[in-house]
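Heads up: the structure comes next, in structure tokens.
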Protein chains: 2
Amino acid sequence: MTRKEKQRLEYLAQTFKALSHPARLWIVEFILDGERCVHELVEGLDLNFSTVSQHLSVLKQAGIIEDDKRGKNVYYRIKADCMKTLIGCLEEGIRKSRYEDGIT
Amino acid sequence: MTRKEKQRLEYLAQTFKALSHPARLWIVEFILDGERCVHELVEGLDLNFSTVSQHLSVLKQAGIIEDDKRGKNVYYRIKADCMKTLIGCLEEGIRKSRYEDGIT
DNA sequence: TTAATGTTTTGTTATATTGCAAAATGACGA
DNA sequence: TCGTCATTTTGCAATATAACAAAACATTAA
């Protein structure tokens with residue numbers, strides 16, 4: 001494996017990792033419809049401000065969302081427009097895979 | 001958030017988590033072309049047998065791969081046929097998102 | 001300038017993940 | 001049956017992640 005190939009996998013893995021927490025997935029799906037500010041996310045998630053802020057920073061660092069400070073508020077929105085497709089694709093694919101097992 | 005909705009997110013997150021490690025992504029991409037037995041994966045990854053075995057069990061539990069014991073060997077192959085699309089979609093989407101930043 | 005509001009950062013604790021080595025299992029061949 | 005080969009499981013140490021509370025920051029309002 002070349003160094004470049006290794007880097008590619010590490011980068012991909014990091015992006016998947018950013019999506020590997022229920023709260024972060026909730027955030028991503030919630031802002032698919034349009035930007036939201038932090039306190040709306042805190043409300044919806046019922047988590048501490050600091051916790052939500054950290055989740056947001058993980059998603060931001062992964063290039064999945066971006067923020068926009070306006071006045072006192074910080075608004076977050078989707079940056080990687082593949083998210084809707086991505087989540088739908090995985091959900092459907094896994095649903096089918098489970099169906100084959102007769103689980104659902 | 002309903003209990004069912006919570007479960008859906010947890011399940012999705014778990015699947016993303018299974019894909020959030022470079023070694024596991026390498027395995028998934030490696031067997032996209034066809035099944036492989038464990039020692040081939042160990043060779044390609046340059047990791048301990050026990051380590052590779054654990055990565056395989058994570059992927060299997062997530063419903064991403066499945067195994068087939070034949071003789072002394074255990075062969076692994078892709079079970080969730082969305083994997084190629086999924087990885088390609090994320091890779092492309094993130095590449096674009098980074099391009100906008102002028103990183104690449 | 002001060003106070004209040006919205007958000008991020010830091011410190012801490014609990015839990016989860018990763019990787020290896022060694023032991024255990026399972027299947028085949030002698 | 002016994003040994004060997006391929007793989008998995010277990011036990012352990014190191015590191016990473018998650019959550020909260022408290023402190024720090026930044027922006028607007030008074």
Side-chain angles (χ1 to χ4, degrees), chain A residues 1 6-7 9-28 30-31 34-77 79, chain B residues 1 6-7 9-28 30-31 34-77 79:
Chain A
M1 201 175 354
K6 204 169 177 175
Q7 270 189 342
L9 289 175
E10 267 161 16
Y11 189 73
L12 246 184
Q14 205 175 316
T15 314
F16 276 121
K17 184 174 285 180
L19 293 167
S20 75
H21 191 286
R24 292 198 288 268
L25 281 176
W26 184 91
I27 292 171
V28 168
F30 191 59
I31 64 177
E35 65 178 20
R36 297 285 183 170
C37 64
V38 183
H39 73 262
E40 289 178 289
L41 302 172
V42 170
E43 240 177 84
L45 280 167
D46 195 27
L47 282 175
N48 205 290
F49 256 96
S50 55
T51 305
V52 172
S53 188
Q54 277 183 144
H55 283 310
L56 287 168
S57 112
V58 170
L59 288 169
K60 186 179 164 188
Q61 222 178 318
I64 293 169
I65 63 177
E66 60 190 348
D67 63 352
D68 189 12
K69 296 163 220 272
R70 290 202 305 275
K72 279 197 253 181
N73 301 313
V74 180
Y75 294 86
Y76 281 90
R77 57 171 171 258
K79 181 178 189 193
Chain B
M1 201 174 353
K6 204 168 177 175
Q7 270 189 343
L9 289 175
E10 267 161 18
Y11 189 73
L12 245 185
Q14 204 175 317
T15 315
F16 276 122
K17 185 174 285 179
L19 293 168
S20 75
H21 192 287
R24 293 197 288 266
L25 280 177
W26 185 90
I27 291 171
V28 169
F30 191 59
I31 63 176
E35 66 177 19
R36 298 284 184 169
C37 64
V38 182
H39 72 262
E40 290 178 289
L41 303 172
V42 170
E43 241 176 82
L45 280 168
D46 194 27
L47 282 175
N48 206 290
F49 255 95
S50 55
T51 305
V52 173
S53 186
Q54 276 183 144
H55 283 310
L56 287 167
S57 112
V58 170
L59 287 169
K60 186 179 164 186
Q61 222 178 317
I64 294 169
I65 64 177
E66 61 190 347
D67 63 352
D68 189 10
K69 295 163 221 270
R70 290 204 303 276
K72 277 195 254 184
N73 301 313
V74 180
Y75 294 86
Y76 280 91
R77 57 170 171 260
K79 181 178 189 194

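Convention: sequence-line order gives letters A, B, ...; per-chain numbering from 1. Treat the numbers as computed from the prediction; the structure is a model and nothing was measured.
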Please check the phosphate of [N] (OP1 and OP2 only) for any side-chain N or O of [X] closer than 4.0 Å.
X	N	answer
Tyr76(A)	dG6(C)	no
Thr51(A)	dC20(D)	yes
Ser53(A)	dT7(C)	no
Asn73(A)	dT5(C)	no
His55(B)	dG19(C)	yes
Arg24(A)	dA18(D)	yes

Return the value, rounded to whole Å, for the distance between atom [atom1] of [X] and atom [atom2] of [N].
X	N	atom1	atom2	value
Asp46(B)	dG19(C)	CG	C1'	13 Å
Asp68(B)	dA27(C)	CG	P	13 Å
Lys60(B)	dT9(D)	NZ	C1'	13 Å
Leu56(A)	dT8(C)	CG	P	6 Å
Gln61(A)	dT17(D)	CD	P	11 Å
Glu35(B)	dT7(D)	CD	C1'	16 Å
Leu47(A)	dA21(D)	CG	P	11 Å
Asn48(A)	dT10(C)	CG	C1'	13 Å

Pairwise 5' ranking along DNA chain C for Lys69(A) and Ser50(B), keeping only the more 5' one: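 This one resolves to Lys69(A).
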Taking all non-hydrogen atoms of both residues, which atom of [X] and which atom of [Y] are closest, and how far apart?
X	Y	value
Leu9(A)	Pro22(B)	CD1-O, 4.1 Å
Val38(B)	Tyr76(B)	CG2-CE1, 3.6 Å
Cys37(A)	Asn73(A)	CB-CB, 4.2 Å

What nucleic acid atoms does Lys17(A) come within less than 4.0 Å of, heavy atoms only: base, sugar-phosphate, or nothing? sugar-phosphate
Remember a base hit wins even if backbone is also touched, and classify Tyr75(A) as base, sugar-phosphate or nothing at under 4.0 Å, heavy atoms. nothing
Side chain of [X] - closest among [options]:
X	options	result
Val38(B)	dA18(D), dT8(D), dT7(C)	dT8(D)
Val74(A)	dC20(D), dC20(C), dT8(C)	dT8(C)
Lys72(A)	dT8(C), dC5(D), dT28(D)	dT28(D)
Phe49(B)	dT7(C), dC20(D), dT8(D)	dT8(D)

Closest to the 5' end of DNA chain D, once Gln54(A) and His39(B) are matched to their nearest nucleotides, is His39(B)
With DNA chain D as reference, determine whether Ser20(A) or Arg70(A) sits nearer its 5' end, using the nearest nucleotide of each.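 Looking at DNA chain D, the more 5' nearest nucleotide goes with Ser20(A).
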Taking the side chain as every heavy atom from C-beta outward, state whether Leu47(A) and Val42(A) have any atom pair closer than 4.5 Å.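 No, their side chains stay 4.5 Å or more apart.
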I'd like to check Lys60(A) versus Asp67(A) (side-chain heavy atoms, cut-off strictly below 4.5 Å). Are they in contact?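 A side-chain contact exists here, since the closest heavy-atom pair is under 4.5 Å.
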Decide, yes or no, whether a salt bridge links Arg70(B) with Glu35(B) under the criterion of side-chain N to carboxylate O below 4.0 Å.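 Looking at Glu35(B) together with Arg70(B), the answer is yes, because their closest N to O distance falls below 4.0 Å.
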